[in-house]
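Notes follow the structure.
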Amino acid sequence: MDVMGDKATLFESGRFVQPSDAEPARDELADMGEAGEDTRLALAAQSGDAEAASVLGAMLLRRGDLDGAEPHLRAATAAGDRAAANNLGVLLHQRGYPEEAAGWWRIAAVAGSAAAAHALGRHHRERGDEPAAEYWLRQSAEQGHVLGAYALADLLEHRGDVGAEHWMRAAAERGHREAAYRLARALDRAAGHGDEAGGDNAVAEAEQWYRQAAARGHRRAALQLGAILERRGELKEAGRWYLTSAKDGEPRAACALGFLLRDAGDTESAAVWWLRAAQDGDGNAANALGALHAERGETQTAERWYRAALDAGDDNGAYNLGLLCAEQGRTAQAEQWYRRAAYAGHREAANALAILLLQNGDTTGAEPWFSKAAETGSVDAAFNLGILYAGRGEDEMALRWYERAAAAGHAEAALQVGIARLREGDEQEAERHLRCAAGGGSAEGAYRLAALLDARRPPEPAHELGETVQEKTECEEWYERAASQGHRRAQVRVGMLAAARGDVVEAARWYRAAAEAGSRNGAFNLGLLLAREGSEPEAAVWWTRAADAGHGRAALRLALVYARRGELAEGQRWADRAVALGPAEVSERAARLRDALREELSA
């Protein structure tokens, strides 16, 4: 049982009998208001008025005057006043005589005092006598005593009794803010395990109870309400509840408010709230401050806040210290911090440690850390394990980890699974994984998906001038997505499809993008397009770039260009280059051209 140390706590504990419709005002502590009332009550009590003695004793008890209150309460109790018996129990509990207090509470409870039954129930619970505690708390709760209902709910919940929710709800409906908060939390948990429809109803009801508790000043309820609203996108109202909770001293709300302000672009205000939360021991806020200073290049300040986060018990502090050291090239220190976070169970730190070890050539040391990170849910680690096994030629194990990462939404892992399924001839599964990869942002995934779809479609008739340009197919849309992400082969393919539609400008744009990114096919095709448009000198520039990159057909085109210009030696040089580059068809034609040029030169 909590020791009642001040008047407010004493009054709110319910050990004073408080006013209710069913009881006279003297059954609860009332504020008498005027100074002359004390004198009147004292005179009445001296003349043997038990009711006056009870009320006067209660007033003195509330003021903390235990010595003055006790004789009046004892006199009223002797006269059979149940409110005085309850309050005498409170007084004795304050003096450190819990057993004697319990005796008077029992007398008052038997006489029908709900407040005394509540106090007696708590007394028995503190001594481990749960059956007796439940009996008296139930007596109190069934009489409508809000604190009795809450205490009974707490006891039943501790035992896992399904009846806990009924009494928690009863207390919440009577205005008990902690009961409202706990009822909301219970509904939240139930929503996470129920069916979708029931879950939605539970979430909606939880929000209502959070609102009620928050409106009564419950700071954790205000925090939870803010989080619900933030997830729903109602950021303005979420910010108001975070602010309310933060002002009441909830560091997690101050931290959340900081993130909300940062996302709105107000980093200065965010830093103020993060500082407040970090000073109150919130490790997440300390990490956020560290990241903010790191972004500004203030590495020493960042390190100080990361250490503060670590001191607050947040393992992200060690991980972030590792990242900071790694960025500065302090690999030995980075490894130490990664290890500290990894040993504490930080999965991304384990993955980072494994990467660091791998970069240092320690494959044997890296593998168990990749495994540990992957087993605890790191998607990146699962993908990295796939790469590790693939590098050893253990394709089956590699595929197993790729599939695990792909199932968690890793785009590049889905790409690897898709490629493996293509090799096996399972186009349906390959397409499914390539769609996941492409949808997740993989340019190579988008290109391979487009190529797969492209191979299936029937050949289209050649475009004639004046025809309406056909709508783009799905495969072309995927080619374009890959091309827009800088995929050179996709850029070339989009250019070819545009050229086939008769869209020369679009074709040239994509060929040029690919060529400037280093694609020899892009450069060759751009040269062809320019030559057809009558710009052979510019075409030769792009063919030269392609040929220098090893494109045999481009070299052959250059040989022909120089031969037509009469620059036979230069034409022979490019013909020799085309013979060397191939492929076979090109080599054969280039050899004939070279021999012809040689004869012409020797004539």
Side-chain angles (χ1 to χ4, degrees), residues 379-380 382-384 386-387 390 398-399 401-403 405-460 463 469-530 542 545-546 549-551 553-554:
V379 180
D380 287 335
F383 176 64
N384 289 334
I387 295 174
L399 184 58
W401 285 108
Y402 285 146
E403 286 177 331
H410 196 290
E412 294 304 319
L415 169 63
Q416 295 303 320
V417 177
I419 292 171
R421 296 294 177 240
L422 274 177
R423 283 197 301 265
E424 296 168 359
D426 189 348
E427 284 195 7
Q428 187 174 355
E429 274 298 291
E431 181 182 342
R432 184 173 72 83
H433 282 96
L434 290 174
R435 285 188 182 278
C436 291
S442 169
E444 182 67 22
Y447 172 74
R448 287 181 178 268
L449 174 60
L452 181 63
L453 297 173
D454 201 3
R456 292 177 184 168
R457 64 175 183 161
E460 295 180 2
H463 175 76
V469 176
Q470 297 175 356
E471 291 185 2
K472 294 177 182 177
T473 61
E474 185 189 5
C475 75
E476 189 167 356
E477 289 175 355
W478 284 113
Y479 277 135
E480 286 192 0
R481 180 179 294 195
S484 65
Q485 293 176 259
H487 195 287
R488 295 183 302 181
R489 286 177 295 167
Q491 289 170 338
V492 173
R493 186 61 182 148
V494 171
M496 293 171 66
L497 291 168
R501 290 197 310 271
D503 191 343
V504 176
V505 174
E506 184 75 357
R509 180 173 76 87
W510 285 112
Y511 286 151
R512 190 178 299 275
E516 289 176 347
S519 168
R520 62 189 186 185
N521 285 329
F524 175 70
N525 287 357
L526 180 58
L528 288 177
L529 206 62
L530 291 166
W542 289 105
R545 182 180 290 195
H551 198 289
R553 285 189 172 83

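This is a predicted model, so every value here is computed, not measured.
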Does Y402 have any ring-ring contact (aromatic ring centres under 6.0 Å, His included) partners at least two apart in sequence or in another chain, and if so, which?
F383
With sequence neighbours left out, what residues match A514 under side chain to side chain contact (heavy atoms under 4.5 Å, CB included)?
Q491, V492, S519
Which pairs count as salt bridge (charged side-chain N to carboxylate O under 4.0 Å, His left out) when at least one residue sits in residues 406-418, sequence neighbours excluded?
none
For R493, enumerate each residue passing the salt bridge (Lys or Arg N to Asp or Glu O under 4.0 Å) test, keeping only those at least two apart in sequence or located in another chain.
D454
Summary of ring pair (Phe, Tyr, Trp, His ring centres under 6.0 Å) pairs that have at least one residue in residues 431-454, sequence neighbours excluded
Y447-Y479, Y447-H487
Listed by chain and number, what are the side chain to side chain contact (heavy atoms under 4.5 Å, CB included) partners of A437, not counting sequence neighbours?
A414, L415, S442
Checking W401 now: which residues fulfil side chain to side chain donor-acceptor pair (under 3.5 Å) with it, not counting sequence neighbours?
none
With R512 via side chain to side chain contact (heavy atoms under 4.5 Å, CB included) - residues at least two apart
E516, L526, E538, W542
How would you list, by chain and number, every residue that makes a salt bridge (Lys or Arg N to Asp or Glu O under 4.0 Å) with E429, sequence neighbours excluded?
R432
Tell me, please, which residues at least two apart from R456 pass salt bridge (Lys or Arg N to Asp or Glu O under 4.0 Å).
E427, E431
Quick one: list whatever passes side chain to side chain contact (heavy atoms under 4.5 Å, CB included) with A554, sequence neighbours left out.
F524, W543, A546, A547, H551
Do any N or O atoms from the side chain of R488 and from the backbone of G522 form a donor-acceptor pair under 3.5 angstrom?
no
Suppose we screen for salt bridge (Lys or Arg N to Asp or Glu O under 4.0 Å). Which residues come up paired with E444, at least two apart in sequence or across chains?
R448, R489
